[in-house]
Amino acid sequence: MGNIIEITDFSAPELDMYARLSEAQLLHYYEPNGGLFIAESPKVIERALDAGCRPVSLLLERKDIEGQAKEIIARCKDIPVYTADFNVLAQLTGFQLTRGVLCAMHRPKLPTVEEVCAGARRIAVLENVMNPTNVGAIFRSAAALNMDAVLLTPACSNPLYRRAIRVSMGTVFQIPWTYIGDEISQWPRPGMGRMKELGFQTVAMALKPDSINIDDPLLAAQEKLAVVLGTEGDGLSPDTLADCDYTVCIPMSHGVDSLNVAAASAIAFWQLGTKSSAAANNSDNCGPQSLLTP
(Lines give C-alpha, C1' and ligand atoms only; values in the text may rest on other atoms or scores of the structure.)
Protein backbone atom coordinates (compact mmCIF):
# COMPACT_ATOMS: atom_id res chain seq x y z
CA MET A 1 0.00 0.00 0.00
CA GLY A 2 1.20 3.49 -0.75
CA ASN A 3 2.26 6.11 1.76
CA ILE A 4 -1.20 7.43 2.77
CA ILE A 5 -1.11 11.07 3.87
CA GLU A 6 -4.22 12.80 5.24
CA ILE A 7 -4.57 16.36 3.91
CA THR A 8 -4.76 18.91 6.71
CA ASP A 9 -3.02 21.93 5.18
CA PHE A 10 -4.17 23.14 1.76
CA SER A 11 -1.19 25.48 1.51
CA ALA A 12 1.28 22.59 1.68
CA PRO A 13 3.77 22.92 -1.20
CA GLU A 14 3.28 19.24 -2.06
CA LEU A 15 -0.20 20.15 -3.32
CA ASP A 16 0.94 23.05 -5.50
CA MET A 17 1.24 20.82 -8.57
CA TYR A 18 -2.43 19.86 -8.30
CA ALA A 19 -3.96 23.20 -7.37
CA ARG A 20 -1.69 26.17 -7.92
CA LEU A 21 0.84 25.59 -10.69
CA SER A 22 0.07 26.54 -14.28
CA GLU A 23 0.65 24.19 -17.20
CA ALA A 24 3.76 26.17 -18.13
CA GLN A 25 5.12 25.81 -14.59
CA LEU A 26 4.47 22.06 -14.60
CA LEU A 27 6.15 21.77 -18.00
CA HIS A 28 9.37 23.26 -16.58
CA TYR A 29 9.07 21.86 -13.03
CA TYR A 30 12.34 19.90 -12.97
CA GLU A 31 14.12 21.83 -15.68
CA PRO A 32 16.53 20.97 -17.21
CA ASN A 33 15.56 17.38 -16.39
CA GLY A 34 11.97 17.42 -17.59
CA GLY A 35 8.67 18.53 -16.10
CA LEU A 36 5.47 17.08 -14.72
CA PHE A 37 1.97 16.43 -15.98
CA ILE A 38 -1.30 15.60 -14.22
CA ALA A 39 -3.33 12.55 -15.24
CA GLU A 40 -6.99 12.36 -14.20
CA SER A 41 -9.21 9.32 -13.61
CA PRO A 42 -8.20 5.69 -12.99
CA LYS A 43 -8.41 4.65 -16.67
CA VAL A 44 -6.19 7.50 -17.87
CA ILE A 45 -3.67 6.91 -15.07
CA GLU A 46 -3.54 3.20 -15.94
CA ARG A 47 -2.83 4.05 -19.59
CA ALA A 48 -0.03 6.39 -18.52
CA LEU A 49 1.48 3.71 -16.28
CA ASP A 50 1.18 1.13 -19.06
CA ALA A 51 3.15 3.52 -21.28
CA GLY A 52 5.96 3.62 -18.72
CA CYS A 53 5.29 7.04 -17.18
CA ARG A 54 6.72 7.40 -13.67
CA PRO A 55 4.35 8.61 -10.91
CA VAL A 56 5.31 11.26 -8.35
CA SER A 57 2.25 11.30 -6.10
CA LEU A 58 -1.49 10.62 -6.03
CA LEU A 59 -4.41 12.76 -4.87
CA LEU A 60 -7.71 11.02 -4.28
CA GLU A 61 -10.84 10.66 -2.19
CA ARG A 62 -10.51 8.54 0.91
CA LYS A 63 -13.22 6.15 -0.30
CA ASP A 64 -11.13 5.35 -3.38
CA ILE A 65 -8.19 3.95 -1.41
CA GLU A 66 -9.96 0.60 -1.27
CA GLY A 67 -12.13 1.37 -4.28
CA GLN A 68 -11.33 2.42 -7.83
CA ALA A 69 -7.77 3.50 -6.99
CA LYS A 70 -6.74 0.33 -5.16
CA GLU A 71 -4.89 -1.25 -8.08
CA ILE A 72 -3.29 2.04 -9.06
CA ILE A 73 -1.95 2.56 -5.54
CA ALA A 74 -0.53 -0.96 -5.63
CA ARG A 75 1.19 -0.27 -8.97
CA CYS A 76 2.61 3.03 -7.73
CA LYS A 77 4.09 1.39 -4.62
CA ASP A 78 5.49 3.81 -2.03
CA ILE A 79 4.80 7.23 -3.55
CA PRO A 80 2.82 9.73 -1.41
CA VAL A 81 -0.96 9.29 -1.60
CA TYR A 82 -2.70 12.49 -0.48
CA THR A 83 -6.29 11.95 0.57
CA ALA A 84 -9.37 13.42 2.25
CA ASP A 85 -13.15 13.29 1.89
CA PHE A 86 -14.64 14.82 -1.27
CA ASN A 87 -16.10 17.89 0.46
CA VAL A 88 -12.59 18.69 1.68
CA LEU A 89 -10.87 17.98 -1.63
CA ALA A 90 -13.40 20.11 -3.50
CA GLN A 91 -11.70 23.13 -1.91
CA LEU A 92 -8.69 22.38 -4.08
CA THR A 93 -9.07 24.14 -7.42
CA GLY A 94 -10.23 21.79 -10.13
CA PHE A 95 -10.61 18.61 -8.10
CA GLN A 96 -14.39 18.61 -8.46
CA LEU A 97 -13.89 18.43 -12.23
CA THR A 98 -12.03 15.12 -12.02
CA ARG A 99 -13.16 11.54 -11.58
CA GLY A 100 -11.86 11.19 -8.05
CA VAL A 101 -8.21 10.34 -8.69
CA LEU A 102 -5.30 12.52 -9.82
CA CYS A 103 -1.71 11.48 -10.41
CA ALA A 104 1.31 13.73 -10.87
CA MET A 105 3.83 12.11 -13.22
CA HIS A 106 7.23 12.80 -14.74
CA ARG A 107 7.11 13.84 -18.38
CA PRO A 108 8.73 11.14 -20.51
CA LYS A 109 11.57 11.95 -22.87
CA LEU A 110 10.18 12.51 -26.35
CA PRO A 111 11.32 10.21 -29.18
CA THR A 112 12.72 11.51 -32.45
CA VAL A 113 10.61 12.01 -35.55
CA GLU A 114 12.40 9.06 -37.14
CA GLU A 115 11.61 6.82 -34.16
CA VAL A 116 7.95 7.81 -34.16
CA CYS A 117 7.59 7.25 -37.91
CA ALA A 118 9.48 3.95 -38.07
CA GLY A 119 7.10 1.41 -39.62
CA ALA A 120 4.26 3.94 -39.83
CA ARG A 121 2.07 4.11 -42.95
CA ARG A 122 -0.41 6.77 -41.85
CA ILE A 123 0.46 9.69 -39.61
CA ALA A 124 -1.22 12.94 -38.57
CA VAL A 125 0.67 16.24 -38.57
CA LEU A 126 -0.84 19.08 -36.51
CA GLU A 127 0.16 22.60 -37.54
CA ASN A 128 -0.25 25.23 -34.82
CA VAL A 129 -3.30 23.59 -33.21
CA MET A 130 -3.26 25.61 -30.00
CA ASN A 131 -6.51 24.56 -28.32
CA PRO A 132 -5.78 21.65 -25.92
CA THR A 133 -9.36 20.39 -26.30
CA ASN A 134 -8.84 20.02 -30.05
CA VAL A 135 -5.44 18.38 -29.55
CA GLY A 136 -6.95 15.84 -27.15
CA ALA A 137 -9.88 15.10 -29.45
CA ILE A 138 -7.57 14.64 -32.44
CA PHE A 139 -5.41 12.20 -30.50
CA ARG A 140 -8.46 10.17 -29.54
CA SER A 141 -9.56 9.97 -33.17
CA ALA A 142 -6.02 9.20 -34.34
CA ALA A 143 -5.71 6.29 -31.92
CA ALA A 144 -9.17 4.92 -32.73
CA LEU A 145 -9.16 5.45 -36.49
CA ASN A 146 -6.00 3.88 -37.81
CA MET A 147 -3.31 6.55 -37.50
CA ASP A 148 0.09 5.13 -36.58
CA ALA A 149 1.61 8.30 -35.09
CA VAL A 150 1.11 12.03 -34.53
CA LEU A 151 3.60 14.84 -35.18
CA LEU A 152 3.08 18.36 -33.85
CA THR A 153 4.66 21.63 -34.95
CA PRO A 154 6.35 23.61 -32.15
CA ALA A 155 3.45 26.10 -31.82
CA CYS A 156 0.92 23.36 -30.97
CA SER A 157 -0.57 22.96 -27.52
CA ASN A 158 1.23 20.25 -25.55
CA PRO A 159 -0.57 16.87 -25.61
CA LEU A 160 0.32 16.37 -21.94
CA TYR A 161 -1.53 19.44 -20.77
CA ARG A 162 -4.18 18.36 -18.31
CA ARG A 163 -7.19 19.15 -20.50
CA ALA A 164 -5.69 17.54 -23.59
CA ILE A 165 -5.03 14.33 -21.65
CA ARG A 166 -8.55 14.34 -20.23
CA VAL A 167 -10.25 14.91 -23.61
CA SER A 168 -8.08 12.25 -25.25
CA MET A 169 -9.12 9.73 -22.58
CA GLY A 170 -5.45 8.86 -22.18
CA THR A 171 -4.85 7.96 -25.83
CA VAL A 172 -1.93 10.41 -25.79
CA PHE A 173 -0.16 7.53 -24.03
CA GLN A 174 -1.20 4.94 -26.60
CA ILE A 175 -0.17 6.46 -29.91
CA PRO A 176 3.44 7.52 -30.63
CA TRP A 177 3.97 11.28 -30.94
CA THR A 178 6.61 13.97 -30.88
CA TYR A 179 7.34 17.49 -32.10
CA ILE A 180 8.70 18.05 -35.57
CA GLY A 181 11.36 20.66 -34.82
CA ASP A 182 12.28 22.62 -31.71
CA GLU A 183 11.61 26.09 -33.09
CA ILE A 184 8.63 27.61 -34.87
CA SER A 185 10.96 28.55 -37.73
CA GLN A 186 11.55 24.84 -38.45
CA TRP A 187 8.08 24.38 -39.95
CA PRO A 188 7.08 23.98 -42.73
CA ARG A 189 10.70 23.99 -43.83
CA PRO A 190 12.75 21.96 -43.12
CA GLY A 191 10.05 19.92 -41.37
CA MET A 192 8.15 19.13 -44.55
CA GLY A 193 11.38 17.96 -46.13
CA ARG A 194 11.82 15.43 -43.33
CA MET A 195 8.40 13.98 -44.16
CA LYS A 196 9.42 13.50 -47.76
CA GLU A 197 12.78 11.98 -46.75
CA LEU A 198 10.85 9.41 -44.70
CA GLY A 199 8.80 8.51 -47.77
CA PHE A 200 5.49 10.20 -46.89
CA GLN A 201 3.15 11.77 -49.39
CA THR A 202 1.69 14.83 -47.65
CA VAL A 203 -2.03 15.59 -47.68
CA ALA A 204 -3.17 19.09 -46.71
CA MET A 205 -6.73 19.27 -45.39
CA ALA A 206 -8.04 22.54 -46.84
CA LEU A 207 -10.86 24.06 -48.84
CA LYS A 208 -9.27 25.18 -52.10
CA PRO A 209 -10.54 25.20 -55.69
CA ASP A 210 -7.89 22.67 -56.72
CA SER A 211 -8.62 20.26 -53.84
CA ILE A 212 -9.45 16.65 -54.55
CA ASN A 213 -12.19 14.79 -52.68
CA ILE A 214 -11.15 12.84 -49.62
CA ASP A 215 -12.44 9.59 -51.14
CA ASP A 216 -10.24 9.88 -54.26
CA PRO A 217 -8.77 6.38 -54.92
CA LEU A 218 -5.39 8.00 -55.59
CA LEU A 219 -5.02 8.72 -51.86
CA ALA A 220 -5.91 5.24 -50.70
CA ALA A 221 -3.33 3.80 -53.09
CA GLN A 222 -0.43 5.69 -51.47
CA GLU A 223 1.87 3.53 -49.37
CA LYS A 224 2.61 6.26 -46.82
CA LEU A 225 0.47 9.31 -46.11
CA ALA A 226 0.90 12.23 -43.71
CA VAL A 227 -2.42 14.02 -43.07
CA VAL A 228 -1.70 17.68 -42.28
CA LEU A 229 -4.29 19.61 -40.25
CA GLY A 230 -4.25 23.31 -39.41
CA THR A 231 -5.42 25.47 -36.56
CA GLU A 232 -8.95 26.81 -36.11
CA GLY A 233 -9.73 29.91 -38.13
CA ASP A 234 -6.50 30.39 -40.07
CA GLY A 235 -6.13 26.82 -41.29
CA LEU A 236 -2.85 25.77 -42.89
CA SER A 237 -0.23 28.34 -43.84
CA PRO A 238 0.29 29.19 -47.53
CA ASP A 239 3.81 27.72 -47.40
CA THR A 240 2.49 24.44 -46.03
CA LEU A 241 -0.21 24.26 -48.71
CA ALA A 242 2.40 24.93 -51.39
CA ASP A 243 4.70 22.17 -50.08
CA CYS A 244 2.09 19.42 -49.69
CA ASP A 245 1.67 16.82 -52.43
CA TYR A 246 -2.13 16.92 -52.33
CA THR A 247 -4.79 19.30 -51.09
CA VAL A 248 -7.88 17.43 -49.93
CA CYS A 249 -11.35 18.61 -48.95
CA ILE A 250 -14.32 17.03 -47.22
CA PRO A 251 -17.47 17.73 -49.29
CA MET A 252 -19.92 19.99 -47.43
CA SER A 253 -23.66 20.55 -47.66
CA HIS A 254 -26.27 23.10 -46.55
CA GLY A 255 -23.86 25.96 -47.15
CA VAL A 256 -21.50 24.92 -44.35
CA ASP A 257 -17.97 25.96 -45.33
CA SER A 258 -15.86 24.00 -42.85
CA LEU A 259 -15.72 21.70 -39.83
CA ASN A 260 -14.02 22.01 -36.48
CA VAL A 261 -10.50 20.61 -36.86
CA ALA A 262 -11.22 17.77 -34.43
CA ALA A 263 -14.33 16.71 -36.38
CA ALA A 264 -12.49 17.01 -39.68
CA SER A 265 -9.63 14.89 -38.33
CA ALA A 266 -11.99 12.03 -37.45
CA ILE A 267 -13.41 11.95 -40.98
CA ALA A 268 -9.96 12.19 -42.55
CA PHE A 269 -8.50 9.45 -40.36
CA TRP A 270 -11.40 7.11 -41.05
CA GLN A 271 -11.22 7.64 -44.80
CA LEU A 272 -7.45 7.72 -45.21
CA GLY A 273 -6.32 5.41 -42.41
CA THR A 274 -5.01 1.89 -42.90
CA LYS A 275 -8.05 -0.11 -41.89
CA SER A 276 -7.07 -3.59 -40.73
CA SER A 277 -9.51 -6.40 -41.40
CA ALA A 278 -9.36 -7.32 -37.72
CA ALA A 279 -10.56 -3.87 -36.68
CA ALA A 280 -13.20 -3.77 -39.39
CA ASN A 281 -14.61 -7.14 -38.34
CA ASN A 282 -14.53 -6.55 -34.59
CA SER A 283 -18.21 -6.10 -33.80
CA ASP A 284 -17.43 -5.48 -30.11
CA ASN A 285 -16.02 -2.08 -31.09
CA CYS A 286 -18.93 -1.12 -33.31
CA GLY A 287 -22.19 0.51 -32.33
CA PRO A 288 -23.74 3.84 -31.46
CA GLN A 289 -21.62 4.39 -28.36
CA SER A 290 -18.18 3.73 -29.87
CA LEU A 291 -17.64 7.35 -30.93
CA LEU A 292 -19.72 9.01 -28.23
CA THR A 293 -18.46 7.66 -24.92
CA PRO A 294 -16.99 10.57 -22.91
Side-chain angles (χ1 to χ4, degrees), residues 122-153 155-159 161 163-169 171-172 175 177 180 187-188 192 195 200-222 225-275 279-280 285-294:
R122 295 292 187 270
I123 65 172
V125 181
L126 310 189
E127 179 183 277
N128 304 343
V129 179
M130 293 172 279
N131 185 319
T133 298
N134 284 334
V135 170
I138 292 170
F139 263 84
R140 189 171 182 181
S141 293
L145 300 174
N146 308 299
M147 291 291 109
D148 300 315
V150 177
L151 298 178
L152 304 99
T153 65
C156 282
S157 180
N158 195 289
Y161 281 171
R163 183 161 183 81
I165 296 172
R166 181 168 66 241
V167 173
S168 82
M169 283 299 293
T171 54
V172 293
I175 185 167
W177 65 271
I180 182 162
W187 180 267
M192 191 69 75
M195 294 289 90
F200 286 93
Q201 294 287 296
T202 48
V203 176
M205 299 299 300
L207 293 171
K208 288 184 62 184
D210 59 346
S211 296
I212 62 175
N213 279 352
I214 195 170
D215 60 354
D216 192 306
L218 178 66
L219 300 174
Q222 299 302 317
L225 279 182
V227 182
V228 188
L229 298 141
T231 189
E232 290 288 326
D234 294 336
L236 295 171
S237 72
D239 286 343
T240 299
L241 290 171
D243 284 355
C244 281
D245 297 299
Y246 304 99
T247 303
V248 173
C249 69
I250 299 170
M252 302 285 166
S253 63
H254 296 292
V256 177
D257 61 358
S258 65
L259 294 173
N260 167 275
V261 65
S265 74
I267 295 171
F269 299 161
W270 169 253
Q271 181 65 43
L272 301 175
T274 50
K275 307 177 185 69
N285 290 333
C286 297
Q289 295 184 354
S290 60
L291 294 178
L292 302 178
T293 306

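Taking 4.5 Å as the limit, some side-chain heavy atom of I250 sits within range of a side-chain heavy atom of M252. Taking the side chain as every heavy atom from C-beta outward, I138 and F269 approach each other to under 4.5 Å. Q271 is listed as a side-chain neighbour of D215, based on a closest heavy-atom distance under 4.5 Å. Between F139 and L152 there is a side-chain heavy-atom pair separated by less than 4.5 Å. Within the 4.5 Å cutoff, side-chain heavy atoms of W187 are placed close to those of V125.
Among residues two or more places apart in sequence or in another chain, the side chain to side chain donor-acceptor pair (under 3.5 Å) test is passed with W177 by none. In this view, S157 satisfies the side chain to side chain donor-acceptor pair (under 3.5 Å) rule with no residue, not counting sequence neighbours. Applying the salt bridge (charged side-chain N to carboxylate O under 4.0 Å, His left out) test to D243 and every residue at least two apart in sequence or in another chain returns R189. Applying the salt bridge (charged side-chain N to carboxylate O under 4.0 Å, His left out) rule to D245 yields the partners K196; only residues at least two apart in sequence or on another chain are considered. Take D216 and apply the side chain to side chain donor-acceptor pair (under 3.5 Å) test, not counting sequence neighbours, and it matches no residue. For the side chain to side chain donor-acceptor pair (under 3.5 Å) test, no residue two or more places apart in sequence or in another chain qualifies with S211.
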Side chain to side chain contact (heavy atoms under 4.5 Å, CB included) between M195 and V228: does it pass, once the steps are laid out? CA-CA 11 Å; M195 294 289 90; V228 188; over 6 Å; no
Side chain to side chain contact (heavy atoms under 4.5 Å, CB included), that's the test. Do Y246 and L218 meet it? Break it down for me. CA-CA 10 Å; Y246 304 99; L218 178 66; 3.4 Å; yes
With side chain to side chain contact (heavy atoms under 4.5 Å, CB included) as the test, would you mind laying out the steps for C244 and M192 before giving the verdict? CA-CA 8 Å; C244 281; M192 191 69 75; 3.7 Å; yes
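Minimum heavy-atom separation, A137 to A262: CB-CB, 3.7 Å. Between P188 and D239 the shortest heavy-atom distance is CG-CB, 3.6 Å. Contact record, L241 with A204: CD2-CB, 3.7 Å, taken as the closest heavy-atom pair. Across every non-hydrogen atom of A155 and M130, the tightest pair is O-CG, 3.3 Å. The heavy-atom pair separating R163 from P132 by the smallest distance is CB-CB, 4.4 Å. Heavy atoms only, all atoms of each residue included: I175 and A143 are closest at CD1-N, 4.0 Å.
To the nearest 0.5 Å, atom CZ of residue R122 and atom CG of residue D148 are 8.5 Å apart. The CD1 atom of I165 sits 8.5 Å away from atom CG of N158, with the distance rounded to the nearest 0.5 Å. The line from CG of D210 to OG1 of T247 is 5.5 Å long, rounded to the nearest 0.5 Å. Going from atom CG of N260 over to atom OG1 of T133 covers 9.5 Å, rounded to the nearest 0.5 Å.
If you run side-chain contact (heavy atoms from CB on, under 4.5 Å) between S265 and each of N134, L229, L145, V129, only L229 comes through. A side-chain contact (heavy atoms from CB on, under 4.5 Å) with V248 is found for one member of L219, L207, N213 and no other, namely L219.
With hydrogens and angles disregarded, no donor-acceptor distance shorter than 3.5 Å links the side chain of T202 to the backbone of A226. Of the possible polar contacts, one joining the S237 side chain to the T240 backbone as a donor-acceptor pair under 3.5 Å is found.
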